[in-house]
Amino acid sequence: MTSTLRYVSTRGKAPRLGFNDTLLAGLASDGGLYVPESWPSVRHAASELPFAERAAQIIAPFVGDEIAKSDLEAMCRAAYSTFRDPHVAPLRELGDNRWLLELFHGPTLAFKDIALQLVGRLFDHVLTARGERITVVGATSGDTGSAAIDGVKNCANVSMVILYPKGRISEVQRRQMTTVQSPNVHTVAIDGSFDDCQDLVKAMFNDRAFRDQHKLAAVNSINWARVLAQVVYYFTAIEQLGAADSAPVSFSVPTGNFGNVLSGWIARRIGANVGHLIVGSNANDILTRFFETQTMSATGVVPTLSPSMDIQVSSNFERLLFEMNDRDGDATAAQLTRFRESKRLSVDASTFGRWIRPVFRGQRCSDAETLAKIAAVHRDYGVLVDPHTAVGLVATEACAEPGEPVITLATAHPAKFADAVKKATGVVPELPAHLADLFERPERTELLPNDIAAVQRFVAGAVASR
Ligand SMILES: *Cc1c(COP(=O)(O)O)cnc(C)c1O
């Protein structure tokens, strides 16, 4: 008899799905997020394996029999052959008991490549088997758009339209999207803000006829497969250190939507030798305040030097909340409804003591501290780090106990945030060779007003033209 893991919604009202439907669904129909019905256990590898092979091993129990093992292995190999470093996610020592895990060696220089290179291939595989096509629409303020585009640029069954706010993303970020020449990929500069772009995407999804006609889909950070793919590097980092059987290794994670650090929590839950999870925040410090006060209270978003973490409410936190409620979907849904109304969510002392205190630490970091950290790391180790990584390093310093081994996740290449790095160190970080001619490549983009009818006309035309 074959068996396969099923997925349930954190709000308890959506149908249970297998892996492939969970992959394509993104958000559950009750507004919740999908999580596995039970947690499989995964052992550390006895010796270091190639990243792609290890990825397939760790991911397989979550896929069950829905994708053949050999297909999953082939997709992992293809996804991770796009990385410039043979380790895919190499460790770099940065002082006693401190390491950086470099997650930025993928095509678009941010850690999101690790998930999206695989997710694009998973989408195409499942859609080919079903003879279906989809249209992914999304809004980006920078990193997600380019990583998503690169992940699907060779997918036969996926069209993609990414909206970005005209003049409000960096030139590197824009060019990484607009110089991709694949006919299934389209970028649109909207005459408006990032919030306007998000509202346009929401309006397209809320237009049921339009959504069904074009089979709209999303690849935002709540997608289960993205969270799952990120679990892998927590295992491989510990295996690279040879620390599977020694003292637990803690991780410091520059955090926005809580996707990356949730993957660390899952790695710990299923058997990785993970100690503490240190959550680094910039001035948007809702999580740090939660760890201090047991209460989450939402405020406005402040722009910072680490823009990929400028987030008001971390959407993936809902998956942890579901666990904290002993997997009671009704209780989780009610708690989130109250949070939406009152902008406050409190956790009682015993729940906090059981789920949060033993695992999580949190620290906020100002822009001034971020710049000082970039300068200090350059001075002390000759290493350039991007502002997001610097937030993680500040949090490591504040939260690590004496002698505790800590790996800080380096989530972006310094050249992606060259202005901040130059301001801190006087050095302009160089783009890697594959992007050295980025500024000479022809751009292809569309400019549209902040108008839903115009955007829908464009999406319909883009889908028809493929
Ligand atoms: C997306 C992103 C983050 C935040 O990751 P989450 O999974 O949203 O917490 C941090 N750093 C960089 C460079 C990013 O692109």
Side-chain angles (χ1 to χ4, degrees), residues 33 89 100-117 119 138-151 164 169-170 172-173 176-177 194 219-234 251-267 277-288 290 301 304-320 360 362 364-365 370 373-374 384-395 408-418 420-421 429:
L33 311 188
L100 281 180
L101 184 65
E102 296 181 350
L103 301 175
F104 53 69
H105 294 289
T108 76
L109 314 183
F111 89 98
K112 294 182 172 70
D113 286 327
I114 293 191
L116 286 165
Q117 284 296 316
V119 168
T140 188
S141 57
D143 285 350
T144 310
S146 55
I149 285 174
D150 211 280
Y164 64 92
I169 65 174
S170 79
V172 170
Q173 287 176 323
Q176 281 187 306
M177 296 194 286
F194 173 57
V219 287
N220 43 21
S221 76
I222 51 94
N223 187 290
W224 164 251
R226 281 183 65 177
V227 173
L228 174 59
Q230 293 165 184
V231 170
V232 173
Y233 48 74
Y234 288 89
F251 286 82
S252 176
V253 188
T255 296
N257 249 328
F258 208 74
N260 200 354
V261 69
L262 180 78
S263 300
W265 183 87
I266 293 168
L277 292 165
I278 299 170
V279 176
S281 300
N282 58 28
N284 301 289
D285 64 348
I286 183 169
L287 290 166
T288 308
F290 173 68
V301 179
T304 70
L305 292 175
S306 40
S308 298
M309 295 156 58
D310 292 348
I311 283 168
Q312 185 183 24
V313 177
S314 306
S315 45
N316 266 303
F317 192 78
E318 179 166 342
R319 289 187 161 110
L320 184 62
F360 291 97
R364 71 178 67 74
C365 170
T370 303
K373 183 50 95 181
I374 296 172
L384 293 175
V385 295
D386 99 289
H388 304 79
T389 305
V391 169
L393 288 168
V394 168
T408 302
L409 302 192
T411 51
H413 191 287
K416 203 153 188 182
F417 298 93
V421 174

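Counting starts at 1 for both ligands and their atoms, in listed order. Predicted, not measured: the structure shown is a model, and the values here were computed from it. Numbering starts at 1 and runs along the sequence shown.
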For this session: State, yes or no, whether a side-chain contact exists between L393 and L100 at a heavy-atom distance under 4.5 Å.
Result: yes
Exercise. Any donor-acceptor pair under 3.5 Å linking the side chain of T140 with the backbone of G145?
Worked result: yes
Problem set entry | Which residues share a ring-ring contact (aromatic ring centres under 6.0 Å, His included) with F317, sequence neighbours left out | F258, F290
Exercise. Would you say the side-chain atoms of N284 and D310 include a donor-acceptor pair closer than 3.5 Å?
Worked result: yes
Seminar exercise, completed: Near ligand 1 (heavy atom, under 4.0 angstrom), the protein residues are F111, K112, D143, P254, T255, G256, N257, F258, G259, N260, S308, M309, H388, T411, A412
Exercise. Do N282 and S306 get their side chains close enough for a donor-acceptor pair, meaning under 3.5 Å?
Worked result: yes
Seminar exercise, completed: Of all heavy-atom pairs linking H388 and T411, the shortest is CB-OG1, 3.4 Å
